[in-house]
Asks: 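Okay, handing you the structure first.
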Amino acid sequence: MIQVFKKSTVALGLIVAFSGSVSAQQSDTGSQGKELERISVTAQKRTQSVQDVPISITAFSGDMLSDMGLTETDQIGQFIPGLEISTSSGEGSQLIIFMRGAGLNDFNTNNGGPVGIYSDEVYISSPALTAFQFFDTERLEILKGPQGTLYGRNTTGGAIKFITNKPTEDFEVSGRVSVGSFNTTGVDGAISGSLTDTVKGRFAFTKNDSDGYATNLMNGKDVNGSDSLAYRGLLEFSLDNLNVLFNFHGANVDSPSTSFSLLGATLDGSTPCNTEMVLANQCVTNLGYKAPDDPFEGNYNGVQDIDLNSVGSYLQVDYDLGDLRFTSITAYDELDRFLMEETDGAPQQVFEIVYGVESDTLSQEFRVTGGSKENYWLLGAFYLSEDLQQDQTLDLFRELRAFTGGLSDPTGEVTGAPIIFGRTLNQQEIESTAIFGQATFALSDDLNLTVGARYTDESRKFDAMTRLEDEAVFGPDHYTLYNEKDLKVDSSATSYRLAVDYKLSEKMLGYASISRGYKSGGFNGG
């Protein structure tokens with residue numbers, strides 16, 4: 001049994017933050033007291049008070065996230081009822097997200113889950129990009145339930161939206177420095193302001209380092225540390241009815257892979273233990289290894305680094321035609337990740353996995369909106385293309401090679417221990433198109449009706465090969481276990497949303513809704 005334990009890396013620490021701005025306008029500093037923060041959201045693609053949105057929604061401002069000490073996507077599940085988030089293999093690996101019980105627990109990177117993650121208006125398609133640090137954030141919105149009639153990508157479980165701070169006319173600068181236990185340091189910074197009368201810019205970054213909160217007893221080194229950098233630059237051009245926003249962003253992770261705590265399952269290498277004994281760490285593995293009693297200590301032979309590099313950008317164009325508003329969002333992201341996992345959590349080389357992935361994603365969304373505050377409508381079209389390649393290896397029972405000197409050959413004749421080094425290579429191409437729309441009608445001053453529909457068409461092509469690699473046994477050509485090309489899944493579906501809301505008072509909204517989401521089929525990428 002493998003368990004992951006985490007310590008707070010700011011158990012003892014110091015945080016220093018600063019911010020400032022230069023403005024030609026005067027500010028009213030005479031007001032007394034502090035009003036409860038009001039949060040405006042864009043869950044329905046228009047700015048509304050969170051209390052006027054007939055969706056199960058939780059929203060946090062950037063200041064609230066900072067006050068709670070939240071810096072990474074896998075932390076927000078601690079504060080949202082019905083939302084569970086964890087990482088599949090520690091920092092740098094994709095998120096495992098469940099919202100209201102809907103989720104996907106998959107270590108592979110070719111299948112996205114039913115909960116969509118958005119950065120600003122852009123859907124993050126690659127699962128390997130979902131675990132990221134958020135910084136210089138304006139707000140966070142968590143929408144529960146299917147969100148296909150307003151959003152480019154279909155989601156069945158819900159949507160998590162990170163909205164970043166945009167360029168400002170006035171010059172602003174802010175920063176944050178934190179120092180914590182385990183030699184943990186963090187630096188955030190942002191600078192923003194006008195470059196010309198029509199162009200504004202903003203640049204923000206975050207850098208985090210930590211030695212790690214656990215100890216490898218084999219060499220005395222700290223493990224489960226971090227070394228990551230993320231950055232974002234924005235340019236905004238405004239002229240009359242035209243607004244253009246260009247975003248360029250990237251991230252680098254060079255952190256040790258997460259080391260697990262291994263709990264044995266036998267009394268003497270063969271007699272099984274019961275669950276209580278296993279959890280109490282009273283048992284040994286089949287090879288006689290017993291983990292230290294301290295869960296933050298271990299004997300790890302294969303701790304390697306996670307190497308992740310990603311860059312991306314998007315161009316958002318908004319054109320106001322008076323009664324109509326046209327929006328175009330073009331986005332591109334590419335990722336290269338190499339994750340070497342110390343899977344067995346033991347001093348022997350028993351079970352080790354390497355996850356390698358490269359992905360390129362292009363998306364295009366068009367929207368037209370119109371109407372008034374009372375009667376509002378939206379029509380949209382969406383296209384996504386993703387090319388993903390995986391190179392994953394499984395190294396099993398290598399420790400036994402020194403004792404047996406052999407491996408089972410493909411004919412079944414046993415010449416030694418069943419030592420396996422397998423490699424899985426696959427490539428997946430996704431093309432998804434959709435049209436969607438939603439309209440809200442005011443039936444009275446306090447009663448509204450919302451109807452929406454969506455049509456999605458998606459195609460997935462998949463090539464996969466799995467082979468055993470051992471020069472001494474199979475030679476340079478290896479031994480192919482599985483080789484399939486041109487596997488394909490084509491699927492389409494229509495989904496919808498119907499809701500009614502009634503304003504009970506200035507501070508209370510009642511609503512009822514029914515919605516249907518859709519998620520296409522896929523392939524096992526392991």
Side-chain angles (χ1 to χ4, degrees), residues 38-59 80-83 99-100 102 114-116 118 121 123 139-161 163 318 320-327 329 365-382 433-457 492-519:
R38 295 176 180 268
I39 301 179
S40 296
V41 298
T42 54
Q44 297 194 116
K45 301 299 182 182
R46 54 175 171 157
T47 302
Q48 296 174 283
S49 168
V50 70
Q51 288 186 298
D52 294 334
V53 179
I55 298 174
S56 180
I57 179 173
T58 303
I80 311 298
L83 177 63
M99 186 179 293
R100 290 178 170 175
V115 179
Y118 290 80
E121 297 287 320
Y123 172 76
R139 68 183 181 277
L140 167 67
E141 300 176 10
I142 295 95
L143 316 178
K144 298 178 180 179
Q147 305 296 327
T149 60
L150 284 173
Y151 289 82
R153 185 64 166 155
N154 47 291
T155 61
T156 55
I160 300 175
K161 296 178 55 183
I163 294 90
D318 291 284
D320 194 343
L321 301 173
D323 294 336
L324 301 176
R325 184 178 182 87
F326 172 80
T327 300
I329 304 169
E365 182 173 344
F366 295 111
R367 296 197 305 261
V368 179
T369 58
S372 61
K373 181 180 179 181
E374 294 78 15
N375 298 283
Y376 179 84
W377 58 266
L378 176 149
L379 290 175
F382 177 76
T433 57
I435 54 174
F436 55 94
Q438 182 171 297
T440 298
F441 306 98
L443 304 181
S444 69
D445 290 342
D446 298 318
L447 182 65
N448 296 308
L449 173 67
T450 298
V451 294
R454 175 192 185 88
Y455 177 77
T456 305
D457 184 86
S492 60
T494 301
S495 50
Y496 61 86
R497 179 169 188 262
L498 178 65
V500 60
D501 66 89
Y502 185 77
K503 196 167 187 178
L504 301 171
S505 68
E506 288 297 322
K507 298 183 178 181
M508 187 177 297
L509 179 75
Y511 70 91
S513 69
I514 180 172
S515 56
R516 179 181 179 88
Y518 166 72
K519 184 178 183 300

Asks: Is the shortest distance from a Lys or Arg side-chain nitrogen in E121 or K45 to a carboxylate oxygen in the other one below 4.0 Å?
Replies: yes
Asks: Would you check if the side chain of E365 reaches a backbone N or O of G380 as a donor-acceptor pair within less than 3.5 Å?
Replies: no
Asks: Quick one: does any side-chain atom of R46 pair with a main-chain N or O of K373 as donor and acceptor, under 3.5 Å?
Replies: yes
Asks: Is R325 atom CZ crowded by more than 12 heavy atoms from other residues, nucleotides or ligands, each under 6.0 Å away?
Replies: yes
Asks: Partners of K519 by salt bridge (charged side-chain N to carboxylate O under 4.0 Å, His left out), sequence neighbours excluded?
Replies: none
Asks: So, the side chain of Y511 versus the backbone of V53: is there a donor-acceptor pair under 3.5 Å, distance only?
Replies: no
Asks: Can Y123 and F382 be said to form a ring-ring contact (aromatic ring centres under 6.0 Å, His included), step by step?
Replies: CA-CA 11 Å; Y123 172 76; F382 177 76; 7.3 Å; no
Asks: What pair of heavy atoms forms the shortest contact from P114 to A102, and how long is it?
Replies: CG-C, 3.8 Å
Asks: With a 3.5 Å distance limit and no angle check, can you tell me whether N375 reaches the backbone of A442 through a side-chain donor-acceptor pair?
Replies: yes
Asks: Any idea which heavy atoms bring F326 and V368 closest together, and the distance?
Replies: CD1-CG2, 4.1 Å
Asks: Within the distance-only criterion (no hydrogens, no angle test), does the side chain of K144 pair as donor or acceptor with the backbone N or O of L83 below 3.5 angstrom?
Replies: no
Asks: Apply ring pair (Phe, Tyr, Trp, His ring centres under 6.0 Å) to F436 and list each qualifying residue two or more places apart in sequence or on a separate chain.
Replies: none
Asks: F441 pairs by side chain to side chain contact (heavy atoms under 4.5 Å, CB included) with which of V451, T450, N448?
Replies: V451
Asks: Holding to salt bridge (charged side-chain N to carboxylate O under 4.0 Å, His left out), I want the full list of residues that pass it with R454, two or more places apart in sequence or in another chain.
Replies: none
